[in-house]
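These notes concern the structure reproduced below.
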Amino acid sequence: MKIYIFGILLVIMNYSECANILYVVPFTSRSHTIMLKPIGLELARKGHNVTVITGYLEKTDLPNYHQIKIDHKEIWEILGTERPNVFTMTEISAEEFHDLIFWRGGLAFTEMALNSSQVRQFLAKDNKFDLVISEQFFQEAMYTLALKYRAPLALVTTFGNCMRHNIATRNPLQLATVIPEFLDLNEPTSFWARLRNFYFTFYEFAWWRYWYLVEQEHLAKKYIPGLPDKMPSLYDIQKNVSLFLINSHFSFDSAVAYLPNIVEIGGVHLSHSIEKLPQDLQTLLDKATDGVIYVNFGSNVRSSELPVDKMNAFLKIFSEINQTILWKWEDDKSEIKSKNIVFRKWFPQKEILSHPNIKVFISHGGLIGTQEAIFHGVPIIGVPIYADQYNNLLQAEKLGFGKILRFEDINEQSLRNKLIDVLSNNSYRIKAKEVSSRFKDRPMNPLDTAVFWIEYVIRHNGADFMKNPAIQLSWLSYNMFDVYAFVLGVTILLLYVIIRLILYIRQYFRINVHKNDTVKNKKKL
Ligand SMILES: *[C@@H]1O[C@H](CO)[C@@H](O)[C@H](O)[C@H]1NC(C)=O
Ligand SMILES: *[C@@H]1O[C@H](CO)[C@@H](O)[C@H](O)[C@H]1NC(C)=O
Ligand SMILES: *[C@@H]1O[C@H](CO)[C@@H](O)[C@H](O)[C@H]1NC(C)=O
Ligand SMILES: *[C@@H]1O[C@H](CO)[C@@H](O)[C@H](O)[C@H]1NC(C)=O
Ligand SMILES: *[C@@H]1O[C@H](CO)[C@@H](O)[C@H](O)[C@H]1NC(C)=O
């Protein structure tokens with residue numbers, strides 16, 4: 001009897017546990033990898049046979065974690081341009097940024113990934129997958145792998161809500177409150193901001209849908225063997241997505257309406273992963289009784305490219321205060337000498353932010369770093385440079401634990417004001433702790449949430465019932481335009497009939513009154 005039950009249990013466990021999952025995260029950016037890697041690893045730890053297409057090989061002894069490495073090149077190498085000073089990105093508009101980086105870079109990146117020799121070898125083999133999970137970041141050609149393997153498709157993003165998710169899954173756009181991730185708008189609900197939002201969304205949609213996706217489709221057909229001859233468009237493939245895991249959480253991002261197959265997993269990389277600080281840093285942080293300021297402008301920005309005047313402003317202000325400064329630099333030995341600044345090529349960021357002596361995080365406002373600061377309740381002074389950074393920092397400022405310092409405004413005065421304010425006014429720390437506690441207060445941690453929904457979609461063969469039935473409707477019907485047109489038509493017709501009737505009745509009485517009048521008049525005569 002016991003053996004019998006054990007047998008059934010084994011069958012059930014095997015059924016639910018051992019799926020073949022293809023995890024496509026080809027974008028070679030460190031911050032993307034930091035967020036996305038834990039999901040693949042956790043799926044493998046749960047016993048799934050995970051195959052990852054990735055730009056960074058992970059050292060792991062999990063035998064069921066197979067890695068296909070794509071060639072690693074910097075975006076500038078691929079675009080064949082000189083690497084610009086990334087600080088100059090503060091000067092260009094969201095449209096220019098899309099044109100230069102996302103559209104052109106995205107196509108080049110996708111082609112490089114698909115043309116990587118390991119990827120080509122892998123695609124030529126005969127594999128079977130129960131689910132394809134792909135990052136959603138300007139490499140939509142990868143989504144056709146779900147067609148190739150006849151598997152449901154799940155998408156995961158490193159950022160929060162955006163037009164492309166909403167349109168694809170037929171989630172409401174909510175343009176009045178949801179800002180596209182790359183626009184910097186101070187008052188998102190004001191008339192001009194909504195107009196700007198509408199214009200940008202229109203621009204993005206038109207280019208994406210009618211040009212970019214078509215180019216991506218060409219790449220898919222060129223490089224991915226075994227696709228069906230009659231293939232649905234990439235747009236339709238996205239409409240049919242089973243699951244969207246997005247990197248946001250309503251405790252920090254705005255509250256937004258989501259379909260059941262859009263799941264917020266903001267903070268996913270922080271669930272299980274706080275490690276010990278290296279001994280030297282631990283000692284340094286423990287000893288810094290006046291507190292520590294941590295400076296990191298992200299992996300794409302080189303601090304050494306800061307203009308001299310702005311750099312000097314930082315050094316001047318840092319020399320005036322008693323706090324220790326940890327500054328992520330391009331190399332370990334900066335030529336700058338200072339009594340209280342430690343320059344390093346790399347810092348274990350989330351472990352540093354978890355130390356109680358950290359007072360302020362001076363950051364570019366990238367989402368991953370911002371979430372790490374939120375998680376550990378650390379106030380931020382943010383210098384936004386490009387992409388979603390301004391919006392992340394604006395949110396931090398609104399919630400009271402951050403201050404924005406515009407790049408062009410950096411000087412001794414502004415730096416001193418902001419730094420002294422955040423260091424001396426306790427309200428930033430209190431707010432940071434408050435947001436931290438609500439960010440962590442969830443029924444299940446975000447990594448387990450992600451894994452749960454991924455397994456759920458596998459268990460229910462793509463969970464079609466979670467998709468919005470509106471994906472079957474045309475754009476006209478989905479937006480109710482046909483019904484509105486009908487109602488408008490009927491209303492106009494009714495008004496017309498009523499007006500005609502009134503005119504007729506008036507005419508009728510006028511004639512009668514006129515007749516009576518003439519009769520009366522005749523009598524008088
Ligand atoms: C796991 O996936 C790899 C492809 O990366 C495949 O070669 C292997 O056969 C799969 N193992 C099982 C047990 O399905
Ligand atoms: C694809 O890769 C091959 C060699 O691996 C190279 O010769 C070729 O130029 C690449 N094609 C493109 C479009 O990058
Ligand atoms: C730095 O520390 C010294 C000695 O403890 C103290 O006199 C000074 O006021 C401190 N400076 C600041 C800016 O807090
Ligand atoms: C601290 O900051 C808060 C929020 O910006 C502000 O309302 C408060 O007046 C400040 N307190 C001091 C003492 O400056
Ligand atoms: C949509 O996805 C489901 C799996 O979730 C699949 O069975 C179905 O064939 C797909 N439909 C289209 C039109 O691609």
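Please read these numbers as outputs of a predicted model, since none were measured by experiment. The analysis underlying the following values was restricted to heavy atoms, covering all of them including side chains, and did not include hydrogens, waters or symmetry mates.
A cation-pi contact, defined as under 6.0 Å to the ring centre and within 45° of the axis, is absent between Lys328 and Phe297. Cation-pi geometry between Arg459 and Phe452 is met: the NZ or CZ atom falls under 6.0 Å from the ring centre, inside 45° of the normal. Note that Lys310 lies in the cation-pi zone of Phe407, set by a 6.0 Å cut-off to the ring centre and a 45° limit from the axis.
Ring-plane geometry between Phe200 and His98 is classed as perpendicular, the angle between the planes exceeding 60 degrees on a 0 to 90 degree scale with a lower cut at 30. Between Phe318 and Trp327, the ring planes are perpendicular. Angles over 60° get that label, and only those under 30° would be called parallel.
The side chain to side chain donor-acceptor pair (under 3.5 Å) pairs that include a residue from residues 141-163 are Asn161-Asn166, where partners are two or more places apart or lie in different chains. The salt bridge (Lys or Arg N to Asp or Glu O under 4.0 Å) pairs that include a residue from residues 102-122 are Glu111-Lys222, where partners are two or more places apart or lie in different chains.
The two residues Thr201 and Pro180 make their nearest non-hydrogen contact at OG1-CG, 4.0 Å.
Checked against the 6.0 Å centroid criterion, the rings of Tyr56 and His32 do not qualify as a close aromatic pair. Not less than 6.0 angstrom separates the ring centroid of Phe138 from the ring centroid of Phe109. Remark: aromatic rings of Tyr390 and Phe182 are distant, center separation not under 6.0 Å.
The 12-atom threshold is not exceeded at NZ of Lys128, counting heavy atoms of other residues, nucleotides or ligands nearer than 6.0 Å. Residue Trp207 places its CH2 atom among 12 or fewer non-hydrogen atoms of other residues, nucleotides or ligands, all under 6.0 Å distant.
Remark: the backbone N or O of Asn240 is paired with a side-chain donor or acceptor of Lys467 at under 3.5 angstrom. Side-chain N or O atoms of Asn468 include none that pairs as donor or acceptor with a backbone N or O of Asn171 at under 3.5 Å.
Exactly one residue among Leu281, Leu285, Leu277 makes a side-chain contact (heavy atoms from CB on, under 4.5 Å) with Glu351. That residue is Leu277. Across Tyr235, Tyr212, Trp208, a single residue satisfies side chain to side chain donor-acceptor pair (under 3.5 Å) together with Glu140, and that is Trp208.
Here Asp448 pairs with nothing under the salt bridge (Lys or Arg N to Asp or Glu O under 4.0 Å) rule; sequence neighbours left out.
Under 3.5 Å, the side chains of Ser248 and Asp253 contain no donor-acceptor pair of N or O atoms. Counted by atom type alone, His249 and Gln371 present zero donor-acceptor pairs between their side chains at under 3.5 Å.
Between Ile53 and Ile70, some side-chain heavy-atom pair lies under the 4.5 Å cut-off. Residues Val25 and Ile133 have side chains not in contact (no heavy-atom distance under 4.5 Å, counting atoms from C-beta outward).
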